[in-house]
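Have a look at the structure below before the remarks.
Residues take their numbers from the sequence shown, with the count starting at 1.
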Amino acid sequence: MNEEIEAILIGQLDDIDIDSVENFEHEDIDYAIFHLNSGFYATQGHCTCEEQAFLSEASINGEELECASCSKTFSIVSGDAISDPEIESLKIYDVSEIDGNLYLHL
């Protein structure tokens, strides 16, 4: 049985500057939307750390993010934990561009 993937409008392509991240909330759930040189990416909105810091406040270095609270680093592309492979990875979501608009696929 195939479940339909829901495409949620995030905004327009130029709403998020390159090398930045924005918080996006849908149905009371936060997502972090990243615009990198290699494209757009989405992860869960909060770090896996105890503080559950907003990832929209993370520092970006290339395709990696550093949590503003716990300083752990993750791959934005894969969600994998880089600084500590033993910690939980981030959930990642597909993002697509259609006619100048960005969509988050849930």
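- Hydrophobic clustering (side-chain heavy atoms under 4.5 Å, transitive across Ile, Leu, Val, Met, Phe, Trp, Tyr) groups Ile60 together with Leu55.
- A chain of hydrophobic side-chain contacts below 4.5 Å, direct or via other Ile, Leu, Val, Met, Phe, Trp or Tyr residues, connects Val21 to Leu36.
- What you find for Ile33 and Ile10 is that their closest heavy atoms are CD1-CD1, 3.8 Å.
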Legend entry - Criterion side-chain contact (heavy atoms from CB on, under 4.5 Å) on Leu65 and Leu90, from CA distance to verdict: CA-CA 11 Å; Leu65 68 86; Leu90 300 175; 4.0 Å; yes

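- Hydrophobic clustering (ILVMFWY, side-chain heavy atoms < 4.5 Å, transitive): Leu102 and Tyr31 are in one cluster.
- The backbone N or O of Ser83 sits less than 3.5 Å from a side-chain atom of Thr73, completing a donor-acceptor pair.
- At a threshold of 4.5 Å between side-chain heavy atoms, the hydrophobic network of Ile, Leu, Val, Met, Phe, Trp and Tyr places Val95 and Leu106 in one connected group.
- Note: the hydrophobic cluster containing Tyr103 does not contain Phe24 (ILVMFWY, side chain heavy atoms under 4.5 Å, direct or indirect links).
- For the atom pair SG of Cys49 and CG of Asp84, the computed distance is 12.0 Å after rounding to the nearest 0.5 Å.
- Residues Ile87 and Ala81 share a closest heavy-atom pair of CG1-CB, 3.4 Å.
- Rounded to the nearest 0.5 angstrom, Thr48 OG1 and Lys72 NZ are separated by 8.0 Å.
- The two residues Leu104 and Ala42 have their closest heavy-atom pair at CD1-CB, 3.5 Å.
- For Glu51, the CD atom is densely surrounded, since the number of other residues' heavy atoms within 6.0 Å is greater than 12.
- Atom CD of Glu64 sits about 3.5 Å away from atom CD1 of Ile82, to the nearest 0.5 Å.
- Counting all heavy atoms, side chain and backbone alike, Ser96 lies closest to His105 at OG-NE2, 2.6 Å.
- For Ser69 against Ala53, the heavy-atom pair with the smallest separation is CB-CB, 3.6 Å.
- Atom-to-atom distance recorded for Ile18:CD1 and Phe40:CZ is 7.5 Å, nearest 0.5 angstrom.
- Cys47 has its side chain within reach of Cys70: a pair of non-hydrogen atoms, C-beta onward, lies under 4.5 Å apart.
- Looking only at side-chain heavy atoms (C-beta outward), His46 and Phe54 come within less than 4.5 Å of each other.
- Residues Leu13 and Glu97 meet the side-chain proximity criterion, which asks for heavy atoms closer than 4.5 Å.
- Within the structure, the side-chain hydrogen bond (donor to acceptor under 3.5 Å, both in side chains) test picks out the following pairs touching residues 35-45 (sequence neighbours left out): Ser38-Tyr41, Ser38-Glu63.
- Residue pairs that meet the side-chain hydrogen bond (donor to acceptor under 3.5 Å, both in side chains) test with at least one member in residues 14-26, sequence neighbours left out, are Asn23-Asp30.
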